[in-house]
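Reading through the structure tokens given below for one structure.
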Amino acid sequence: QVQLVESGGGLVQAGDSLRLSCVASGDTVCISAMGWFRQAPGKEREFVAAVMWSVGNTYYADSVKGLFTISRDNAKNTVYLQMNSLKPEDTAVYYCAAAQFSGTYYSAVYYSDHRVYDYWGQGTQVTVSS
């Protein structure tokens, strides 16, 4: 089992930056990848970014490329999401997720699928005012 705890959300103005953190605990040695998803009111959960835990390859949704950066600190079992130039449409609950699987996959399509992930955090609210 893996437990995930997100932090760093809040209320900001358009153009501001935020950094989300997600700390993993428990059976972290088996983590293969970690990702961030978000869900706005009335919308489906959508992929934001993911990082391969061992090699560090990163993948992004087209909507956040060049604006958001995902990174990880393996020693701290922590993944970060640096969000710059935030827009009102970035308002959502942001969820951290962890995946455990065999093999190595280098595919944005693979990591964007929420079914890949086995564990989810409780979410952190990000609100961007115009």
Side-chain angles (χ1 to χ4, degrees):
Q1 292 289 321
V2 174
Q3 294 78 44
L4 303 172
V5 178
E6 303 102 331
S7 62
L11 172 63
V12 297
Q13 293 186 333
D16 286 350
S17 298
L18 270 179
R19 188 176 82 155
L20 306 182
S21 300
C22 174
V23 180
S25 61
D27 193 17
T28 59
V29 68
C30 295
I31 292 176
S32 303
M34 292 189 72
W36 288 95
F37 288 73
R38 66 186 181 185
Q39 188 167 19
K43 295 187 177 181
E44 294 187 353
R45 188 171 301 192
E46 66 171 353
F47 170 72
V48 176
V51 59
M52 296 175 65
W53 202 242
S54 58
V55 299
N57 288 33
T58 57
Y59 303 91
Y60 296 93
D62 288 343
S63 59
V64 305
K65 280 182 182 176
L67 299 173
F68 292 8
T69 302
I70 188 171
S71 61
R72 92 266 194 240
D73 185 330
N74 297 63
K76 295 182 178 180
N77 292 322
T78 301
V79 64
Y80 304 97
L81 185 67
Q82 177 67 43
M83 306 185 293
N84 297 330
S85 301
L86 284 162
K87 307 170 187 176
E89 50 264 43
D90 294 316
T91 295
V93 177
Y94 283 71
Y95 296 92
C96 173
Q100 296 179 339
F101 52 79
S102 301
T104 304
Y105 303 91
Y106 297 97
S107 167
V109 172
Y110 182 81
Y111 291 105
S112 67
D113 188 342
H114 67 91
R115 295 170 295 180
V116 167
Y117 299 86
D118 303 284
Y119 305 100
W120 294 83
Q122 81 288 352
T124 185
Q125 177 71 46
V126 172
T127 303
V128 185
S129 63
S130 58

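Just so you know, these numbers use all the heavy atoms, side chains as well, and skip hydrogens, waters and symmetry mates.
Hydrophobic clustering, with ILVMFWY side chains joined whenever heavy atoms are under 4.5 angstrom apart, groups Tyr119 together with Ile70. Note on Val12: it clusters hydrophobically with Leu67, by side-chain heavy-atom contacts below 4.5 Å among ILVMFWY residues. In this structure, Met52 is a member of the same hydrophobic cluster as Tyr105, with clusters built from ILVMFWY side-chain heavy atoms closer than 4.5 Å. Under the 4.5 Å side-chain heavy-atom criterion for Ile, Leu, Val, Met, Phe, Trp and Tyr, Val116 and Phe37 are members of the same hydrophobic cluster. Residues Val29 and Val51 do not share a hydrophobic cluster, clusters being chains of Ile/Leu/Val/Met/Phe/Trp/Tyr side chains in contact below 4.5 Å.
Annotation for Ala49 and Leu81: closest pair CB-CD1, 4.2 Å, computed over non-hydrogen atoms. Across all their heavy atoms, Val79 and Cys96 have their closest contact at CG1-SG, 3.9 Å. Heavy atoms only, all atoms of each residue included: Lys43 and Gln39 are closest at O-NE2, 3.0 Å. What you find for Tyr106 and Asn57 is that their closest heavy atoms are CD2-ND2, 3.4 Å. Nearest approach of Ala14 to Pro88, heavy atoms of both residues: CB-CD, 4.2 Å. Scanning all heavy atoms of the two residues, the minimum distance from Gln100 to Asp118 falls at N-OD2, 2.7 Å.
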| query | Would Val128 and Glu89 count as a side-chain contact (heavy atoms from CB on, under 4.5 Å) if you check the C-alpha gap in whole Å, the side-chain angles of each, and the deciding distance to 0.1 Å? | reply | CA-CA 8 Å; Val128 185; Glu89 50 264 43; over 6 Å; no

| query | Please walk me through it: do Glu44 and Glu46 pass side-chain contact (heavy atoms from CB on, under 4.5 Å)? | reply | CA-CA 6 Å; Glu44 294 187 353; Glu46 66 171 353; over 6 Å; no

| message | Go through it in stages, so that I can follow the logic: the residues are Leu20 and Glu6, the test is side-chain contact (heavy atoms from CB on, under 4.5 Å), and I'd like the CA-CA distance, side-chain angles, deciding distance and then a yes or no. | response | CA-CA 7 Å; Leu20 306 182; Glu6 303 102 331; over 6 Å; no

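Ring orientation note: the planes of Tyr59 and Tyr111 are close to parallel, at an angle under 30° on the 30°/60° scale. Between His114 and Trp120, the angle of the ring planes lies from 30° to 60°, which puts this pair in the tilted group.
Side-chain N or O atoms of Ser112 include one that pairs as donor or acceptor with a backbone N or O of Val109 at under 3.5 Å.
The distance between the ring centers of Tyr110 and Phe101 falls below 6.0 angstrom.
Rounded to the nearest 0.5 angstrom, Thr124 OG1 and Arg38 CZ are separated by 14.0 Å. Summarising the geometry, atom CD belonging to Gln122 is positioned 8.5 Å from atom SG belonging to Cys22; distances are rounded to the nearest 0.5 Å. Note that the CG atom of Leu86 and the CD atom of Gln13 stand 11.5 Å from one another [nearest 0.5 Å]. Considering CZ of Phe47 and OH of Tyr60, their distance stands at 9.0 Å, rounded to 0.5 Å. Interatomic distance, Ile31 CD1 to Asn74 CG, rounded to the nearest 0.5 Å: 9.5 Å. Annotation: the span from Ser85 atom OG to Phe68 atom CZ amounts to 9.0 Å, rounded to 0.5 Å.
Using a 4.5 Å heavy-atom threshold, the side chains of Val64 and Met83 count as separate.
Of the charged side-chain nitrogens involved, at least one lies within less than 4.0 Å of a carboxylate oxygen, so that Lys65 and Asp62 count as a salt-bridged pair.
A cation-pi arrangement is present between Arg19 and Tyr80, with the terminal nitrogen or guanidinium carbon under 6.0 Å from the aromatic centre and inside a 45° cone about the axis.
Screening Leu4, Asn77, Val2, Thr78 against Met34 for a side chain to side chain contact (heavy atoms under 4.5 Å, CB included) leaves a single residue, Leu4.
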